[in-house]
Amino acid sequence: MNRNVFLSRERSKRIWGILFVLPSFTFIFLFMIYPLLHSFYLSFTRYNFVFDNAPKFIGLRGYVEAFKDTEFVLSIKNTIIFSIGFFIFLMVISLSIALMFFFKSRFSWFFRSSVFMPMVIPISFACILFSWIFNENFGLLNYFIGDVLNQPQWTHGWLTERNTAMGSMIIVTLWSSIGFQTILFLSGLQAISKDILEAATVDGATGWKKIVYIILPNLRETYVIAGIWGILRALKIFVQPMVLTGGGPGNATLSMYMHIYHTAFIYFDMGKAAIMAFILSIIILIFSILNIKLSTGQE
Amino acid sequence: MKVTNLIVYSLLLVVAIVFLMPIFYSLLTSFKTEQEIFSKIFTFFPHNPSSINYDYIFKRGTKYLTYYKNSIIITVVGVILTTILSSIGGYAFARLPFKGRESIIVFMLFIITFPLAVLLIPIYIMEIKLNIINTNIGLILPNVASLLPFTTFIMRGIFRSIPKELEDSAEIDGCSVFMTWFRVMLPLARNGIIITIIYSFYMIWGEYTLAVTLATEESAMPLSVALTLLRGEGWNYGVLGAVIVLASIPPIAIFLAFQKYLVSGITSGAIKA
């Protein structure tokens, strides 16, 4: 009697299990798995959405041709330059702020809220805001530099000049991303066992020595997560160039993602866009694996 | 010691000002008249504060209300769907034995490592064929789909941390599987549900990539895309400021209300990962 009840309970759980998972899986299948496969197929075809009735299979030739596209190669270069600049500043600044939060806790509600606040502003709104602040004639930044600091020769068209466009884009992205990264580092710091820190103080380690020899090594795991998140943010930039600079001036800030978007939805060359999207995915994968290897390989 | 204190707190103050300034300035400008904004003399605080920009939005600029409406519909429905689906899915992955359970969840996490760019084109083509392009539902569905793997994973973690004894005692008391989930497990998972709600709210409210691709007509655009249109329109900074303030109120309000959940959620997510 009991065994029968047990068996049907097991079966009931199994059926409910499938029922509960089915809706989510349907969503994910329709909007992630199927598109991924479709995209993979498209990357081997030539398909202009407006002119062609159906994709035409051309195999790997598309991949070779993609690298002959100078704009594509330029977009790769831009993306990598941005990513390196952004990543370094992101890690250094976030870690520094997290350390400051960790050691000094007066007024913490105010300081922490102010650092986290930009996180809740969606990146597209932030970009509109900053394209206004960076505006050459009416922007807050040039007003501050020109009138408050009295250095009008240092004012620039931040988003319209070749030299400053990329840097300005990095600054906006930093403004938006540092908050989250700081939380990651802070939670990693708080997870370090207090005993180790106390033992170090007893042994006579001063502030700096504590940081370098005790804290940093213990942050390795946090660093992997923070690093991957930072890399993904960096390599996938799309909103910032679209909204802040339109890829300009010229092509100076054209990112890979944006070039893919243009190819697909302005030139309607779907096959080529799919190829570039996959190449981007591979680059992301490579950098993520590199990050993991570098952080954990020095044990 | 005192010197380091001074340096650190000054640095933090500078950081705080830099981080808060853009929004604060936006707020101030939203109360300025157009003459004041474009006058030769730059002002920081409004000299004659007026609500003219907000009046414009609510009375004559009805398209702003359309954008706002779209954002609200897409976000609210999206958040509800995501929360429900990841609550049941998460429970299933945590406690219900069915074939392929482990492999499906690994597969789901693998899928989200691909950038959205790879999926945009097929989703666009699919939505045109299904005629849901430029609709709210056309944006709700892909948004939910892209959030589900991560939120389901979070809920799974939450459910797994609930002691099995509670579940077993419900079973002994004669609860069906559904009743166990609904009456016993769900209330215990309240933290996870709040985290899921907050996370999906933020992700959908400001989502740009899907929106700019799938909502090409103004009537269908949510705020995140519509705001970028303002750039070409003679740049009325006062109205821009007002719209940004209005568009940022929901996220900021939720942030202030749920601050501790947000931080603990990211923390536990990071540790459990």
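Every chain is numbered from 1 and lettered A, B, ... according to where its sequence line falls, protein lines coming before strand lines. Model, not experiment: these values are computed from the prediction.
The CD1 atom of B:Ile88 sits 8.5 Å away from the CG atom of A:Leu19 when rounded to the nearest 0.5 Å. Considering CD1 of A:Ile28 and OG1 of B:Thr152, their distance stands at 6.0 Å, rounded to 0.5 Å. Rounding to the nearest 0.5 Å gives a distance of 11.0 Å between CD1 of B:Ile121 and CZ of A:Phe268. Between B:Leu116 atom CG and A:Met32 atom CE the span is 7.0 Å, to the nearest 0.5 Å. The line from CG of A:Leu129 to CD1 of B:Ile23 is 6.5 Å long, rounded to the nearest 0.5 Å. With rounding to the nearest 0.5 angstrom, the OG atom of A:Ser39 is 9.5 Å from the CD1 atom of B:Ile123.
A side chain to side chain contact (heavy atoms under 4.5 Å, CB included) with A:Phe27 holds for exactly one of B:Leu147, B:Leu141, B:Thr82; it is B:Leu141.
Here A:Ser114 is the residue among A:Pro122, A:Ala277, A:Ser114 with the most heavy-atom pairs under 4.5 Å with chain B. Ranked by heavy-atom pairs under 4.5 Å with chain B, the list A:Phe238, A:Tyr41, A:Tyr257 is led by A:Tyr257. For the set A:Lys236, A:His38, A:Met276, A:Met256, the count of heavy-atom pairs under 4.5 angstrom toward chain B peaks at A:His38.
Using a 4.5 Å cut-off between heavy atoms, A:Phe101 touches chain B through its side chain atoms alone. Using a 4.5 Å cut-off between heavy atoms, B:Ile128 touches chain A through its side chain atoms alone. Neither the backbone nor the side chain of B:Met203 comes within contact range of chain A, judged by heavy atoms closer than 4.5 Å. Proximity to chain B (any heavy atom under 4.5 Å) is shown, for A:Leu235, by neither the backbone nor the side chain. Heavy atoms closer than 4.5 Å to chain A are found in both the backbone and the side chain of B:Pro149. Heavy atoms of A:Phe25 lying under 4.5 Å from chain B belong exclusively to its side chain. Only the side chain of B:Val15 comes within less than 4.5 Å of a heavy atom in chain A; its backbone stays farther off. Residue contact with chain A, scored on non-hydrogen atoms closer than 4.5 Å, involves the backbone and the side chain of B:Leu13 alike. In this structure, chain A has heavy atoms under 4.5 Å from both the backbone and the side chain of B:Tyr9. Proximity to chain B (any heavy atom under 4.5 Å) is shown, for A:Leu36, by both the backbone and the side chain. Contacts between A:Phe185 and chain B at a heavy-atom distance below 4.5 Å are absent for every atom of the residue. For B:Val243, no part lies under 4.5 angstrom from a heavy atom of chain A. If you measure heavy-atom distances from A:Tyr261 to chain B, the contacts under 4.5 Å come from the side chain alone.
Looking at A:Phe31 and B:Leu119, their side chains never come closer than 4.5 Å, going by heavy atoms from C-beta outward. Considering only heavy atoms from C-beta on, A:Ile121 comes within 4.5 Å of B:Ile252 through its side chain. Within the 4.5 Å cutoff, side-chain heavy atoms of B:Pro22 are placed close to those of A:Phe130. Under the 4.5 Å side-chain criterion, counting only non-hydrogen atoms from C-beta, A:Phe125 is in contact with B:Leu223.
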Mind running side chain to side chain contact (heavy atoms under 4.5 Å, CB included) on A:Val120 and B:Tyr202 for me, showing each step along the way? CA-CA 7 Å; A:Val120 309; B:Tyr202 280 129; 3.5 Å; yes

Pair B:Leu12-A:Phe107, side chain to side chain contact (heavy atoms under 4.5 Å, CB included): steps then yes or no: CA-CA 10 Å; B:Leu12 283 178; A:Phe107 308 117; over 6 Å; no

Step by step, would you call B:Phe19 with A:Met119 a side chain to side chain contact (heavy atoms under 4.5 Å, CB included)? CA-CA 10 Å; B:Phe19 275 59; A:Met119 275 193 330; over 6 Å; no

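Classification of the B:Tyr124-A:Phe265 ring pair by plane angle, with boundaries at 30° and 60°, yields perpendicular. Using a 30° and 60° split on the angle between ring planes, A:Phe278 and B:Phe114 fall in the perpendicular class, above 60°.
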